[in-house]
Every structure is written in C-alpha cells, then in structure tokens.
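Just below is one structure, and these are the notes that go with it.
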Amino acid sequence: MTQPATGPAAATAAVTAIRVTMRVDGAEVAADVDRPGESLLSTLRDRLGLTGAKNACEQGECGSCTVLLDGDPVCACLVATAQCEGREVQTVVGAVPRPVRDAFVQRGAVQCGFCTPGLLVAVADLLRREPDPADARIREALAGNLCRCTGYEKIIDAVHTAAATMAGDRP
Amino acid sequence: MPEPTTPTPWAAGGVGHSPIRPDAEAKVNGAFDYASDLAFDGMLWGHTLRSPHPRARIRSVDTGPALALPGVAAVLTAADVPGKLHYGLIEADQPVLAPGEVNYQGEAVAIIAADTLDLARRAAALIDVDYEILEPRCDAGEAVAAGDCFRYQPVRVGDPDTARAAVVVAREYEVGMQDQAPLGPESGVAVPAPDGGLVLHVATQWLHSDLDQIAPCLGLEPGRIHLTMAGIGGAFGAREDLSVQIHMAMLALRTGRPVKMMYDRAESFLGHVHRHPARMRYEHGADADGRLVYVKAHIVLDGGAYASTTEAVVGNAASLAVGPYNVEHVSIDAWGARTNNPPCGAMRGFGGVQTCFAYESQMDALADALGLDPLEIRRRNALAQGDQLITGQVVDAVDPDKAAAGAPFSPLRDLIDRFADLPVPPVPAGRDIVDLPGGTGNTTHGEGVRRGVGYGVGLKNICYSEGFDDYSTARVRLELGGPEHDGEPVAYVHTAAAEVGQGHWNLQQQIARTELGIRHVVLLPNDTKAGSAGSSSASRQSYMTGGAVKAACEAVRELWHDRDLADGPIEAVRVFRHRATKPMDPVTGQGESHVQLALCVHRATVDVDVELGLVKVVDLTCVQDVGTILNPVALEGQIHGGTAQGLGLAVMEEIITRDGHVANASFTDYLIPTILDMPPMRLRIVENADPDAPYGLRGAGEPPTLSSTPAIVAAIRDATGLPLTRVPVQPEHLTVRRPS
Ligand code: FES
Ligand code: FES
C-alpha cells in the first residue's frame, strides 16, 4: 500500500543540495540533502522511506531512533546527515541478531512496539559488549530508551533470554 | 473435516495461553506501519498553526504571505471548514479551527499543506494572526464559583453533618496534570477517493466515533468517508479525542492530493487532552475501631477549555470517591470546571486516579490517628458482597464458591490477605551505589537514606457507565483453507477494535481458536466497514469486543453443526452488549451506574534520601483480581505498564501550566519513568471470576494505574514523616521541614 514519498528536493530545486552517500543496512544509498542540519533520522524516514527507526521526540530523549553509526549506538535525530558521508548505518533491520528479536517476541517485551526498534538496537549493542549483563547493567545501558507501555520488566526478561540463547549458540 | 460437538480449545493458542502476538514479528523487524510511517505518491504534508495565547480574540488572519511561498498548496482557516464548525466526543463544542477567539494555548487556528513538513512549518510562521489578548481564567476553583462547569455531580447518602465520629481527619489534596505521552506521535494520512470521498488512515482508539465527528465537519455523508486503522504507537486515552483527522481531511479535499500530518513531541503535548488536574478537600470521620462513619469531599477537576470527556470523568470521580469501603453517611460534590487551561479528558484510570490518591491518603491518615496498621483499617472497611457503593449499587458478581463460605465474601479483604505471604523485601547487604536514590549521580553513600513502606487500593469501573449504550460488533467467517492452511478451516475475524499495544488482536485469535477448535485465525484490517467496536478504553475491549468475537464464533459453531464447510463458508455477525446501567441521579448521585468493578492493591517500598529529596522506588508488589486470566503474558504487561504510569504520577509526571501556558512540552522537561526509575515488580494475580462477564474476565488495564500512586506516596510518607498531599511528589516537597 505505502510507497516512499518522492524526494521533495524536486519541488524546491532552487535550493542547493549536497549529495550524501552512505550504507544503510548493507545497501548503498544516496540522499540529496537540501536543508542544513537535516538529521539522519529525517533523511532515513522522510527522504529515503526507511522507517525502521522511529521518531518520538527529535531531541535525543527517547531513544526510539537509536541506530548504529559505524557500529556505535547514536540517536539518529541528533546526527546530521551531512556527517554521514561514507559511513555505515544500521537500523533495526540490519543491526539486530535473530535471538534478540525472538526474545522480545517471546517474552512479551513488545506492546505498542514504538520503542522496540530503538531498544533492539541498544540491546544488540549491549550484548555485543557484554554477553551476560546483570540487571543493573541492563538498566544502565537502556536508560536512554523510553517505553511507555511495558514498565520495562519484560524488556529485562527479554535481554536475559537473548543473552542465554546467544551463549548457547556460541561454540 | 472436524465437526466438533463441543469446542475443543486449541491448546497452543487458545484462551488462557500466551501465543505469540500476530503483530510481534513486524514490530521487531521494522516493517510494522505506524501512522507516522505512512507515505503515498504525490503526498503533501500538513501542519497546524496554533494559538500562542490561552485566551484571545482573533481580529484577523492574513494567509497571503504563507500562500505565496512556493511549494505551499493550501492554507485554510475557520472560514474554510466545509460543514459544522465544532466537534467533540460527547458534546460538539471544540472548534475545528478557531472561529474568532481562542480559549487555550495550542488551539488550532490555521492549517497548511505543502510539499514538505519543513515548508509547511515555515509557511505557518508567515501567517499573520492579529490577536487581541484577553485575560485567561486559569483557576478551576474560580470557574466553579462562577458556575462555569461541564458537570456538577453530587452524591448524598445519610446525614454526614450529624453523624458522630471518634476521629476526624480533614485534608486537601492536589493532583497535577498528567500526560499520556504515548511514544507514537499523532499522525495520519487523508487520501482523496475518486468519488469525491476520502480514505483516512488514522491511529485512533475508536474509529466509529471519529467518523461520527469528522463527517459533519466535512459536510460529507459518513458513507463517503472510509476510516482504516494505521499502526498505533500507544494511546492511554490520548487518541480518544480527534487530533489530525479533520484537518488532514480538509487539506486533502482542498488539494485533491494525499495529505499526511504528524505532530512533533511539542505539538503532541498541545494537541491532545491530558489527565484532569484536581484539587480535593476530604473529611473522613471514623469510630474508635477505625470504621468509617462519614466522608465529605469537594472534588474540583479542571476540564480546561473544551468538554472532551470531562462529563464522564466527573461521574467516575464522584461515584468512586470513597473507594471500595463501606460508609454510611456521604456528601460528595464533584465539579468539572471550564477554564482556559489545556483541555483534559481521557487518560488510563479516567476519573478514578485523582480521588484514589485522596481517599487512600485519608485511610492512611485515619490509621495513623488510631494507631492501626494500614492494611487492617482497609480490611475493616472493605466492601463485601451485598454491601452498597455510595451510589447504592450493590456489590455483586463474586466467585460463587467463595460466596458460599459463610460470611459475605469481600473481594478486597481477599486481596489484602494475600500480602501475608508476600514479605517486604529486605534491605540488601552491601548495596551498590547505583541502587540508592540518586543512582549513578553518586549523591549519597546511604547516610541520609530512609526506607518506607506503603499501601494503596484502587477501585475502577470497567466498560462505560451511566446508561451509555455500550456495544461492540464482530463478524466471523469460517471457510475451508487452502494449502497454505493445510486445508484446515480458517476463521476470518473482522472488528473495528483498536490494537493500541494491549494485545487485543492476539486475544481475538485466542477466542476464535477456543470457540471453534481450530488453529488458523486471520484478522481482517480494522476499519469502518466493520460495525462499531467502541473505544479501546475503560479496560473494556476484552469484555466487549472479546464478548462480540466469542458470540459470533458461537453462532458460527452452531451453524457448523449441520453444515459442511466444503459447501461454502459460514458467517455470523454479532453485536455484544453488557448489562444496562443507569445514570446517576443528578441530586443524590444514586443509581446502578457501573457494569463491573475491579480492584488492585499495591505495596510500595521506597528509599528516600531525606537530605536531597531523592526517591528510589525499590519494590512494587501488586495483588490484582482479574476475574480470569485470558493471556498471562499480556496481562502481566498491562499490570506492569499501568503500575509504571502510576509511579510516574507519584514522583515525576506533571504538565506545568503558568497562566494557561504550558511550560514543559517536551521529553526533556516532562519526565516519564525510565528503566532506571522502575523497580522489580512482583505480581500476585487473583482469579475471582465474574459470572456475568465473558470467560469470567475482569478488565485489568487501568486498576494498577490507580493504586500504585497512593502506595508510593504512602511509602514516602512512611520514610519521611511528611504529610505529602500533592502528586507528583518533587524533591522540594521532601527537603522543606514540616510546619510544626
Ligand atoms: S527521536 Fe531521537 S531520541 Fe527521540
Ligand atoms: S511497547 Fe509501547 S512504548 Fe514500548
């Protein structure tokens, strides 16, 4: 049903645009950015039609837009697209190992799911650094990701489940 | 082909189990389309120009400079509204676009459609509105004194003025304005249809109520507008009133192109109603044993500028004003004031939250005065089967087994007694510094930290009350599946019930599996081609749309007895209604106004740094009667989430208004609980089935939101000795000395 909107740059062609080329979830993409300071989140969602990262505040407060930039978690709403030339962006589509997704599904960590893409990216990053985090470490690592639905209890369950599965998967 | 004479529950995914949610996979792989993710070819972006003033006359609006901006397709004002100028959930009093005056900061004045959102915002800044600023009325008490109310509801029982009590406690309480703050922003797309009608992709709690409000304002026959549900990023009451719907529809009709609207967080705070802030004066009188003799209360809820659901919220506040306790003499006066503050309406708990904080604080104050244990005073006053609420409604529908056991069964006493084997968690030896108040801020080594424990009980009505014709509709079609369903029967379920995150889609599938004894259930998209399902609010969808799906499945099952699916599909449509309720008497408040009542009890354990005023909630233990567990995982999620929102109200969440201006419309300044703020939650779920409800269920989403707030505040009082009569409790309330 839905199709990515056609690039609005066409309608306001008079403005100078800069072309930014980056890899998003493994695919090379190019965006003609005509607004100074346009955020990576806006470029992904509104220009490229890649809506995996969510927009819930645009102020770096909610974590819904968390993506990996060259492997490090960032709020895509705080990163200027112009700084992403030649860099690697991973959203929920490309950053999250299957066991992490499955754990969220199985443990009931997903309700409305609006926080989920950002949380999954943050959890993937946490488990890569710390394969078996204690509760306190999980809370610290996910403190920047707001969830209004779950009270976080089942998110913590899911992180433990994912950690256990991934430990079992390792040789 | 199976032809069951009795339904065989599909063990893996029927009622009582926790199958995987049908929307889960799309939500974890990024494919789920939330309203804000939608895009259409040739789509324009809409934006709203809102009043910066809480009250003003509009002398003129000059849209010329905005229209002149290249890429701007339309700029519309009140003069362009094609039909009725006002809309509203209960009373149509809110202007689609301000027609000459504005009555709250953030009221919509003009709307713009442009090639990009950025452009639409820039165009909005070019619209020249000439305001004559007027003095706003921001004090709800003044509005009540002036008789400017959406509703006044008294409750009168006995004669509280002559009743004699051994102990009296009288206090004033305040509840700040809470926001639902769903993470998904208000958003939607209006797409013009070739016949001059519209398709609206909306994220709403109640499709048919939206349609009823939208059509008259557009001047279109309802049949020419098709509403279809877009993915909903949480709701909690914030999506019960309209937001983008009429505006994007007007812009699409004017431009002939799809128009998308999406609020940013700041606009979201201004663009939906909030929980009513409240000021309440309570006086409780009890005998020497702590049995309540009388309760008098004045409850003033600030409804803000427009009606929204204030009328119904006042009804709840009044009818539930003393909680689940026996009181012989009662005098309650509840008002919903009209002011120039932001409009208030539905939020999880709906009128039950504010009074719960007050009456539970009062129960604790009485216990204190009498030297009674807080649970004991609640036990002594607990309503039992056959007792009456203050509205005269008789407490019924309890577990028949328990009712037979001698003394009348008290649902509340039953819950309270469960705490006997739920000990208060001990203070762990060698605590990590991050476990202390202040956390990673490293503000203490424990020297000023005091522990406190407190309890809270909440009583919430489930479904719509006061004579409202509350119903839901379900269509179920059973047919023989193709190879993709292994040739097994497949049930197609069609309703308009909103999946706001609570797991209702999952429950519909569970019910169909159980009732039809089949494995495959396909849900058709929620839209206005289905009959109305009512709102996903009032903890009612399991009861109502669950009831409708169950009834439709039962009808299909009956037909299936004498038919072979190979001869063609079997279909049934059923409308489900709960038992009728009655309005409250306008003078005495009497009347069987509620369908079902639900109880939840919380115990909170907190650590308070009394020097810095920092609170750390270290444990929340919850005992809740849910009637029957339909889906354990989803149920726990509802209790956890409801509890978290109650914690937010207790210690952090408040929209600050100054002279009608919202001071903190952002997640930087309006704080909601993070994972660091939430303690581990222990749940004890009790099943006292309601014989009147489908499967014996009891609505479960709201009650924990009521009880967690007073429990946490009671625990902070226990730790500090401070009276704490206002929520949210802020650090400065804890560091000032108690006036002696
Ligand atoms: S949208 Fe980026 S942090 Fe909220
Ligand atoms: S599941 Fe709704 S915000 Fe987290």
Side-chain angles (χ1 to χ4, degrees), chain A residues 1-6 8 11-12 14 35 45-46 49-62 64 91-93 96 100-102 104-117 120 135-136 138-140 142-156, chain B residues 18 20-21 23-25 27-30 32-34 36-43 70-71 115-119 180-185 232-236 264-265 432 434-435 440 500-503 633-634 636-637 640-645 666-668 672-676 678 680-681:
Chain A
M1 168 191 61
T2 64
Q3 302 238 306
T6 44
T12 48
R35 283 184 296 144
R45 292 180 53 81
D46 306 333
L50 303 172
T51 55
K54 301 301 168 197
N55 175 355
C57 77
E58 287 178 281
Q59 285 191 315
E61 295 288 351
C62 74
S64 308
T91 74
V92 64
V93 175
V96 187
V100 178
R101 291 185 193 186
D102 286 347
F104 267 63
V105 168
Q106 282 156 10
R107 300 308 301 265
V110 179
Q111 288 190 29
C112 85
F114 208 83
C115 65
T116 306
L120 287 171
D135 280 8
I138 297 171
R139 289 183 192 275
E140 214 179 305
L142 304 183
N145 291 82
L146 296 178
C147 172
R148 191 54 158 166
C149 299
T150 65
Y152 306 103
E153 191 86 359
K154 292 195 179 294
I155 290 169
I156 294 175
Chain B
S18 299
I20 299 297
R21 301 168 59 116
D23 51 351
E25 180 55 32
K27 285 177 174 176
V28 296
N29 68 23
F32 190 81
D33 269 334
Y34 294 92
S36 53
D37 296 332
L38 300 180
F40 289 80
D41 276 336
M43 184 178 87
D115 286 342
T116 67
L117 180 55
D118 191 50
L119 201 55
Q180 304 87 344
L183 280 204
I232 303 176
F236 318 114
D264 65 12
R265 184 53 55 182
D432 194 298
V434 298
D435 295 331
T440 47
V500 293
Q502 81 278 46
V633 168
E636 288 166 10
H640 291 150
T643 301
Q645 290 179 3
S666 74
F667 279 159
T668 311
I672 66 174
T674 70
I675 197 168
L676 283 171
M678 289 308 298
M681 289 178 268

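By convention in this document, chain letters (A, B, ...) are assigned in the order of the sequence lines, proteins followed by strands, and residues within each chain are numbered from 1. All heavy atoms count here, side chains included; hydrogens, waters and symmetry mates do not.
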Checklist entry - Can you tell me how far the CG atom of B:Asp37 sits from the CZ atom of A:Phe114, to the nearest 0.5 Å? => result 6.5 Å
Item to check | ring pair (Phe, Tyr, Trp, His ring centres under 6.0 Å) against B:Phe236, all qualifying residues, sequence neighbours excluded | outcome: none
Item to check | Contact origin within B:Asn29 toward chain A - heavy atom pairs under 4.5 Å | outcome: both
Checklist outcome for this item: The interface call for B:Leu183 against chain A, heavy-atom contacts under 4.5 Å, is both
Checklist entry - When rounded to the nearest 0.5 angstrom, what is the spacing between CG in A:Asp46 and OG1 in B:Thr116? => result 9.0 Å
Checklist outcome for this item: Shortest non-hydrogen pair, B:Phe667 vs A:Cys57, comes out as CD1-CB, 3.8 Å
Checklist entry - Looking at A:Ile156, A:Val92, A:Val93, A:Leu146, which has the largest count of heavy-atom pairs under 4.5 Å with chain B? => result A:Leu146
Checklist entry - Nearest heavy-atom pair of B:Val500 and A:Cys112: which atoms, and what distance? => result O-CB, 3.5 Å
Next on the checklist: With heavy-atom distances below 4.5 Å as the criterion, would you say the side chains of A:Lys54 and B:Ser36 are in contact?
Outcome noted: no
Item to check | Residues forming a side-chain contact (heavy atoms from CB on, under 4.5 Å) with B:Ala644, sequence neighbours excluded | outcome: B:Met678
Checklist entry - Given the options B:Pro185, B:Pro182, B:Ala181, which has more heavy-atom pairs under 4.5 Å with chain A than any of the others? => result B:Ala181
Checklist entry - Relative to chain B, which segment of A:Ser64 carries a heavy atom at a distance below 4.5 Å: side chain, backbone, both, or neither? => result side chain
Checklist entry - Where is the tightest heavy-atom contact between B:Arg21 and A:Val110, given as atom of each residue plus distance? => result NH1-O, 3.3 Å
Checklist entry - What residue, out of B:Asp23, B:Asp118, B:Thr643, has the most heavy-atom pairs lying under 4.5 Å from chain A? => result B:Asp118
Checklist entry - Where on B:Val633 is there a heavy atom nearer than 4.5 Å to chain A: the side chain, the backbone, both, or neither? => result both
Item to check | Residue part contacting chain B, namely of A:Arg45, when any heavy atom lies under 4.5 Å | outcome: side chain
Next on the checklist: Under 4.5 Å from any heavy atom of chain A, what part of B:Ser18 do you find: side chain, backbone, both or neither?
Outcome noted: neither
Next on the checklist: Main chain of A:Arg101, side chain of B:Glu25: is a donor-acceptor contact present, judged purely on distance under 3.5 Å?
Outcome noted: no
Next on the checklist: Measuring from atom CG of A:Asp102 to atom CD1 of B:Ile20, what distance do you get when rounded to the nearest 0.5 angstrom?
Outcome noted: 8.5 Å
Next on the checklist: For the interface with chain B, which of A:Cys115, A:Gly113, A:Ala136 has the highest count of heavy-atom pairs at distances below 4.5 Å?
Outcome noted: A:Gly113
Checklist entry - Tell me, side chain or backbone of B:Gln180 under 4.5 Å from chain A's heavy atoms, or both, or neither? => result backbone
Next on the checklist: Tell me whether B:Tyr34 contacts the main-chain N or O of A:Thr51 through its side chain, where contact means a donor paired with an acceptor under 3.5 Å.
Outcome noted: no
Checklist outcome for this item: Separation between CD (A:Gln59) and OG (B:Ser666), nearest 0.5 Å, reads 5.0 Å
Checklist entry - Pick from B:Ile672, B:Leu117, B:Ile232: which one has the most heavy-atom pairs with chain A under 4.5 Å? => result B:Ile672
Next on the checklist: Using heavy-atom distances under 4.5 Å, tell me whether A:Asn55 contacts chain B through its side chain, its backbone, both, or neither.
Outcome noted: both
Next on the checklist: Under a 4.5 Å cutoff for heavy-atom pairs, which residue among A:Thr91, A:Ile155, A:Thr150 has the most contacts with chain B?
Outcome noted: A:Thr150
Checklist entry - Where on A:Leu50 is there a heavy atom nearer than 4.5 Å to chain B: the side chain, the backbone, both, or neither? => result neither
Item to check | Side-chain touch B:Lys27/A:Pro117, heavy atoms, less than 4.5 angstrom | outcome: no
Checklist entry - Measuring heavy-atom distances to chain B, does A:Leu142 have an atom under 4.5 Å in its side chain, in its backbone, in both, or in neither? => result both
Checklist entry - Hey, does B:Val28 have a side-chain heavy atom less than 4.5 Å from the side chain of A:Leu120? => result yes
Checklist entry - Can you say whether A:Gln106 sits under 4.5 Å from chain B via the side chain, the backbone, both, or neither, judging by heavy atoms? => result both
Checklist entry - Is there side-chain contact between A:Lys154 and B:His640, with heavy atoms separated by less than 4.5 Å? => result yes
Item to check | From CD (A:Glu61) to OG1 (B:Thr674), nearest 0.5 Å | outcome: 11.0 Å
